[in-house]
Amino acid sequence: MTVQLTLFNSKMEVFKTIKSLQQTLSHKVGKSTLGLVPTMGALHEGHLSIVKRAKEENDLVIVSIFVNPTQFDKKEDFVNYPSTMQADLEALEATGCDFVFVPSAEEVYQGNLSADSFDFGGLDKVMEGKFRLDHFDGVATIVKKLFLITRPNKAYFGEKDYQQLMIIKKMVEMESIPVEIVPVGIFREKDGLAMSSRNIRLTAEQRLAAPEIYQTLLKSKMLFENNDLKKVKNFVKNEFVQNKELALEYFEIADSETLNPASEILPESKYRAFIAVFAGQIRLIDNIALN
Ligand code: PAF
């Protein structure tokens with residue numbers, strides 16, 4: 001079934017069911033290339049830039065909008081996840097997006113609303129995986145389902161969720177799914193705050209304080225050049241102690257490939273700093289390449 005939207009003269013097609021989507025894809029994709037941009041909606045400029053990039057690199061582009069229940073460890077985070085469907089569809093239309101998939105949980109999970117278990121070889125045991133139990137099983141489950149439903153040539157994932165990106169690469173390799181995972185750099189607001197759908201839930205005071213997260217990452221990158229790990233970590237911890245709006249959940253320096261937290265710095269390895277901060281109930285994450 002194609003959903004009738006309040007979008008006039010639109011070439012973009014919106015689908016709620018797997019069957020209707022697959023029927024159209026089987027007619028329209030043929031020898032063309034298809035790029036997939038999976039999202040949970042509440043689209044911002046960062047998402048739209050990814051869709052435009054996908055449009056440049058593929059003949060056809062599909063965006064999925066689905067707030068995946070199995071990747072939320074806290075029910076209130078799932079329930080409060082922002083939804084701006086009509087605005088999302090209008091914005092996608094303007095990018096030249098070809099197809100949008102907006103399934104229900106029932107349609108995707110077919111009565112079995114649970115995540116599969118994956119062995120990511122330790123990639124999921126640190127940082128986000130440590131603080132959000134079973135989060136990555138939920139992410140990998142839905143992304144695998146989306147890949148199998150849409151069969152894209154390329155799929156795009158933002159580096160803001162760097163650990164997610166590495167886990168999806170691993171899942172695709174383990175499951176031998178023929179899709180190229182394209183990493184996309186972090187989009188930032190003018191003041192440096194990483195773009196996120198969650199930002200619209202910040203109060204004025206929290207929004208004012210939030211750029212401190214990226215400022216701290218930048219400073220940690222400078223400190224990383226000449227100081228030991230402990231000094232960098234202590235510096236970051238202290239930065240948030242006096243902060244009334246932001247509470248540090250974790251700061252970690254890890255190998256960019258294995259995501260193993262660094263205990264010493266090896267000159268031939270690449271490292272990234274990862275941070276998670278609470279602004280009230282809203283959890284914000286960011287990361288930066290250190291070398
Ligand atoms: O990064 C996200 O928005 C989500 O984790 C994803 C990849 C769409 C899966 O639900």
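Order of appearance sets the numbers: ligands from 1, and atoms from 1 within every ligand. Every value quoted in this text rests on a predicted model; they were computed, and no experiment measured them.
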Ligand 1 contact on Thr39 by region, counting heavy-atom pairs under 4.0 Å: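 Near ligand 1, Thr39 shows its backbone, while the atoms from C-beta on stay back.
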
With only distance considered, is Gln164 within less than 3.5 Å of ligand 1 through an N or O on each side?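 Yes, there is a polar N/O contact under 3.5 Å.
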
When only distance counts, is Gln71 in polar contact with ligand 1, meaning an N/O pair under 3.5 Å? yes

May I ask you to test the Arg272-Ile253 pair for a side-chain heavy-atom distance under 4.5 Å? no

Apply side-chain contact (heavy atoms from CB on, under 4.5 Å) to Lys130 and list each qualifying residue two or more places apart in sequence or on a separate chain. none

Could you tell me, atom by atom, which parts of ligand 1 come under 4.0 Å of a heavy atom of [X]?
{"X": "Ile142", "result": "9 (C), 10 (O)"}
{"X": "Met40", "result": "3 (O), 4 (C), 8 (C), 10 (O)"}
{"X": "Pro38", "result": "8 (C)"}

With a 4.0 Å cut-off, would you call Asp77 and Arg198 a salt bridge? yes

Using a strict cut-off of less than 4.0 Å between a Lys/Arg side-chain nitrogen and an Asp/Glu carboxylate oxygen, indicate whether Lys16 and Glu107 qualify as a salt bridge. no

Any link between Ile275 and Leu123 through a network of hydrophobic side chains (Ile, Leu, Val, Met, Phe, Trp, Tyr) touching at under 4.5 Å?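 Looking at the clustering, Leu123 is in a separate group from Ile275.
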
